[in-house]
Q: 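What follows is a single structure, and I will ask about it in a moment.
Numbering of ligands and ligand atoms starts at 1, following listing order. Quick note: residue numbers are just sequence positions, from 1.
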Amino acid sequence: MTVAATPATVGKHPCPECGGDLQWNAAKQALVCPYCGTVVPWAAGQAPDPGAGMVENDLQAALSHPDSGRGWGEAPGDERREVQCQSCHAISTFSDGKVAKRCDFCGSPSIIEHQALSEAITPQSLLPFKISDGQMRESLRKWYSSRWFAPNKLKTAALTDTLHGVYLPYWTFDAQVSARWRADAGHHYYETESYRDGQGRLQSRQVQRVRWVPAAGSLEHFFDDELVPGTAGVRPKLLRQIEPFPTLTDLKPYSPEFVRGWTVERYQLDLRQAEKINEQDLLQQMQALCGRQVPGDTYRNLQVDARVQGRTFKHILVPVWLVNYTYGSRNLQVVANGYTGSIAGEQPYSWVKITFAVLGVLLLLMLAALVMGGNAA
Ligand SMILES: [Zn+2]
Ligand SMILES: [Zn+2]
């Protein structure tokens, strides 16, 4: 039985020069000592067993032993604190005892200390930040200048002032699903039908009909790394736009060095809730896969009896860059994938610009009409 990696198995790698706790540096793509500046390539700080973080955990075992495999696996110098935003309810955790004055997700100043009933499940793996804050500021500026309808004052540097790097929680599930299905398979055929047209003449036409034939079959499918986000802080609509995170190929085993100095969002959709969402999703996908197996041109009364087996899960962290700002009374969020760099954001529209654009188009249309009218005369 494999349960989530316990903090004891997570590698601890102090700075080889001064013994300080290393931190992940996105620009250098290496671990860096914040005290003496020593750069340690990640390979050297790897977990003792490189495959250790990639282990899939047995879902049943984890659900029946809810207390195992928790915590962040921290160094003695780490001081983890959790705060919850009273506005968007996101829970942020910090390893260095320094707590932000405003919520990283929505910018609200009303944040309070969060007392968790138990520690969060230890992530098995994560995607470390690949895009540095410098690169992010640069591409955010470009992104904003391409937003034609955005008010000008948003295109100034102030926008990137609130840039924060945050690790978001995700659950990923694997499962083997076997299904038996039965349905009525519909085969199209055509009949010639006579009718009278508007003038009362006899005409004939082809009409499509369906012949229904009972059909049945079975299907096996392996679902690999199906993702369920556990975040409360990032709006789902934006999250979908910056996915995918290359979690099948580029995950690294979790190690506290990667998250030290970065904010980590604590999941609020827990394993039990995520597992239910995933199961519904698998069954829905299975229904569609079976539907595709039904022979003929169409089908009805599809009944799928599916068995989900060998379910495993991982808890992983993925990197995002966040910018939030208020515009008028609205609180707006811009999110970027910290690994691929893709950006999605809410933006206000400048009604002045839009009005001028609409007026401009109307003017052109009027001119065009005048010219055409002139030619016609
Ligand atoms: Zn050092
Ligand atoms: Zn918030």
Side-chain angles (χ1 to χ4, degrees), residues 11-46 74-79 81-116 120 159-169 229-239 242 255-269 317 319-336 338 344-346:
K12 291 195 175 81
H13 306 280
C15 169
E17 295 299 320
C18 75
D21 293 326
L22 299 172
Q23 293 186 0
W24 177 252
N25 183 300
K28 296 197 168 75
Q29 286 294 293
L31 299 170
V32 175
C33 175
Y35 309 100
C36 71
T38 300
V39 177
V40 183
W42 179 75
Q46 221 162 353
E74 318 204 83
D78 290 332
E79 190 201 334
R81 289 177 67 185
E82 284 189 0
V83 294
Q84 181 163 35
C85 171
Q86 296 302 285
S87 174
C88 75
H89 307 295
I91 301 173
S92 303
T93 85
F94 307 85
S95 61
D96 49 10
K98 287 188 216 111
V99 167
K101 295 216 165 37
R102 287 174 175 275
C103 171
D104 279 356
F105 297 91
C106 72
S108 163
S110 45
I111 45 179
I112 56 164
E113 203 83 24
H114 178 252
Q115 295 296 341
L159 232 201
T160 57
D161 283 356
T162 62
L163 186 66
H164 297 290
V166 180
Y167 280 106
L168 298 187
T231 174
V234 175
R235 286 155 206 173
K237 181 184 67 173
L238 295 181
L239 198 55
I242 62 164
S255 183
E257 289 84 16
F258 285 118
V259 300
R260 187 173 292 128
W262 299 86
T263 305
V264 182
E265 185 189 2
R266 184 185 172 121
Y267 56 82
Q268 288 188 59
L269 188 80
L317 301 175
V320 298
W321 286 105
L322 279 172
V323 174
N324 54 69
Y325 56 96
T326 46
Y327 189 78
S329 61
R330 293 183 63 202
N331 175 261
L332 301 163
Q333 195 175 52
V334 178
V335 191
E346 300 164 314

Q: So how many protein N, O or S atoms does the Zn ion (ligand 1) have within less than 2.8 Å?
A: 4

Q: Do you know the tightest heavy-atom contact between G233 and T231?
A: N-OG1, 3.0 Å

Q: Looking at every non-hydrogen atom in both residues, tell me the closest pair between A232 and Q268 and how far apart they are.
A: CB-NE2, 3.4 Å

Q: Under 2.8 Å from the Zn ion (ligand 2), how many protein N/O/S atoms do you get? Just the number, please.
A: 4

Q: Which atoms form the tightest heavy-atom contact between H114 and Q84, and what is the distance?
A: CD2-OE1, 3.7 Å

Q: Check for a donor-acceptor pair, side chain of Y167 on one end and backbone N or O of F258 on the other, with a separation under 3.5 Å.
A: yes

Q: Which heavy atom of V39 sits nearest to which heavy atom of A30, and what is that distance?
A: CG1-CB, 3.7 Å

Q: For residues R81 and E113, determine if any side-chain heavy atom of one lies less than 4.5 Å from a side-chain heavy atom of the other.
A: yes

Q: So, for E265 and V166, which heavy atoms are closest and what is the spacing to 0.1 Å?
A: N-CG1, 4.1 Å

Q: For residues T263 and D104, is any side-chain donor paired with an opposing acceptor at under 3.5 Å?
A: yes

Q: Looking at P14 and G19, what are the two nearest heavy atoms and their distance?
A: CB-O, 3.5 Å

